[in-house]
Amino acid sequence: MFEAEDHREIREAVARLCERFPGEYWRRLDAERAYPSEFVEALTEAGYLATLIPEEYGGAGLTLSAAAAVLEEIQRAGCNGAACHAQMYVMGTLLRHGSEEQKSRYLPGIASGDLRLQAFGVTEPGSGTDTTSIRTFARREGDRYVVNGQKIWTSRAEHSDLMLLLARTTPREEVAKRTEGLSVFLLDMREALGKGLSIRPIRTMMNHSTTEIFFDNVEVPAENLIGEEGRGFRYILSGMNAERILIAAECVGDAKWLIERSARYAGERQVFGRPIGANQGIQFPIARAYANMRAAELMVKEAARRYEAGEDCGAEANMAKLLAADASNEAANAAIQTHGGFGFAEEYDIERKFRETRLYQVAPISTNLILAYLSEHILGMPRSY
Ligand SMILES: Cc1cc2nc3c(=O)[nH]c(=O)nc-3n(C[C@H](O)[C@H](O)[C@H](O)COP(=O)(O)OP(=O)(O)OC[C@H]3O[C@@H](n4cnc5c(N)ncnc54)[C@H](O)[C@@H]3O)c2cc1C
């Protein structure tokens, strides 16, 4: 009932790999808020984290929909790709806007697993969703930039070698448009740690290895600037469509896992002498979650198709993220309700998935901001923010 047509071989191989990482594995890490190193290593060794890296740099050179299939199957198996999904979507900025020199310096190491590009430093405590008001500043001094400021929610920073960093290079007051004057850097955190860069973990309701980062005169060689100075917001935006499509695929995978678990439990659990799934009050929320998951899945495919064809996919990528995050959230609610008290017991993994998938109502972009985008850009209503 959940068979996807595309990328069959990849899906089956990912599912086989995930069998080595059952619920107990994730539960133990969740309790300790520890990073799933063995899982990430297995994915790296199998080449999945290099799905989007071109073959000439040692990657698989596959499409965004292949990457979406990988991430969907990870979630579909009850695992959690949040430990490493950024390596897939951060890649686009380097691939599309990085110089040949940057690509040949970093991509082969990332493809082989010697280097990790897992950290994406955009959000700041004072700017929130309003990205153009970030204050972290990179000042050019000869052949380097000197960075000062703070990031928050920079996930996986403790488990990454490199970070894609967005910083202001011209003060907001001095640019004609607020989207100008922002630049993207590939920061080598191994060199910067202890030399002005400090990382502080933030404990969250789910196991997500997220952090806040402080920059105190951190030096970045000028050659690590990606593309042109001042055009970074545009580069980041083009990568964000890929990010939304991939996260949406993860939510579809979460929804499938939750729906399958719920339907199975509803058929097995006997109360009042018959399966609880014989009651429409139990059936219908699961069936509705299934219908919504399928609708989201189709929108993810359409968004990926447009992305791969080089067409504008802003609306579809946003809608895919909105519908898929709603579908997984709804499936998680139905799963808790179906499992009754056992939905709250750690050993069933339902409460863990409930917590994990809840994030996607807020990050990487919140549902409200997607609705605001559709209202303004598709429906022509006044800008509300
Ligand atoms: C676990 C986790 C991991 C993350 N990982 C990363 C990461 O790796 N890198 C990174 O850069 N960021 C990351 N983020 C940050 C994430 O992208 C932001 O949390 C998200 O964009 C929302 O920003 P905010 O938290 O500042 O909320 P705010 O912008 O403060 O918004 C708070 C609430 O107000 C609503 N709101 C704000 N403005 C409007 C408006 N105009 N209209 C209607 N509603 C509005 C929002 O929808 C939200 O519900 C992560 C966040 C979390 C929680």
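One is the number of the first residue; the rest follow in order along the sequence. Ligands are counted one by one from 1 in listed order, and the atoms in each one are counted from 1 as well.
- Nearest to atom 35 (C) of ligand 1 among the protein's heavy atoms is N368 ND2, 4.2 Å.
- Under 4.0 Å is where a charged nitrogen must lie from a carboxylate oxygen, and between R305 and E316 no such pair does.
- Summarising the local packing, CZ of F272 is surrounded by 12 or fewer heavy atoms from other residues, nucleotides or ligands at distances under 6.0 Å.
- Here T204 has no heavy atoms under 4.0 Å from ligand 1, in either its backbone or its side chain.
- The distance between the ring centers of Y25 and F39 does not fall below 6.0 angstrom.
- For ligand 1, the atoms closer than 4.0 angstrom to any heavy atom of V362 are 20 (C).
- For atom 17 (O) of ligand 1, a protein non-hydrogen atom is found at a distance below 4.0 Å.
- If you check which protein heavy atom lies closest to atom 30 (O) of ligand 1, you get G128 CA, 4.4 Å.
- Q361 and D326 form a side-chain donor-acceptor contact under 3.5 Å, judged by distance and modelled atom types alone.
- Among all heavy-atom pairs drawn from F21 and C79, the shortest one is O-SG, 3.6 Å.
- Residue E101 places its CD atom among more than 12 non-hydrogen atoms of other residues, nucleotides or ligands, all under 6.0 Å distant.
- Among protein heavy atoms, the minimum distance from atom 45 (C) of ligand 1 is reached at L369 CD2, 3.8 Å.
- When the shell of 6.0 Å around CZ of R140 is examined, it contains more than 12 heavy atoms from other residues, nucleotides or ligands.
- R156 counts as a contact of ligand 1, since one of its heavy atoms falls under 4.0 Å from the ligand.
- Taking only nitrogen or oxygen atoms, main chain and side chain alike, S384 does not reach within less than 3.5 Å of ligand 1.
- Residue T129 holds the heavy atom nearest to atom 27 (O) of ligand 1 of all those in V122, T129, L359.
- Using a 4.5 Å heavy-atom threshold, the side chains of T169 and L182 count as separate.
- Residue contact annotation: P364 has a non-hydrogen atom under 4.0 Å from ligand 1.
- Looking at T210 next to ligand 1, no N or O pair under 3.5 Å apart turns up.
- No N or O atom of T154 sits closer than 3.5 Å to an N or O atom of ligand 1.
- A donor-acceptor distance shorter than 3.5 angstrom exists from the side chain of K151 to the backbone of L166, with no hydrogens or angles considered.
- Atom numbering of ligand 1 starts at 1 in the shown order; those under 4.0 Å from a heavy atom of M206 are 1 (C).
- Annotation: R135, atom CZ; neighbour count of heavy atoms from other residues, nucleotides and ligands within 6.0 Å does not exceed 12.
- Taking atom 12 (N) of ligand 1 as the reference point, the nearest protein heavy-atom neighbour is T123 OG1, 2.7 Å.
- If you check each of W153, F120, Y385 against atom 51 (C) of ligand 1, the one with the closest non-hydrogen atom is W153.
- Here the protein heavy atom with the shortest distance to atom 3 (C) of ligand 1 is S155 OG, 3.2 Å.
- Annotation: Q337, atom CD; neighbour count of heavy atoms from other residues, nucleotides and ligands within 6.0 Å does not exceed 12.
- Every atom of ligand 1 with a heavy atom of S366 under 4.0 Å away is listed here by number and element: 46 (C), 47 (O).
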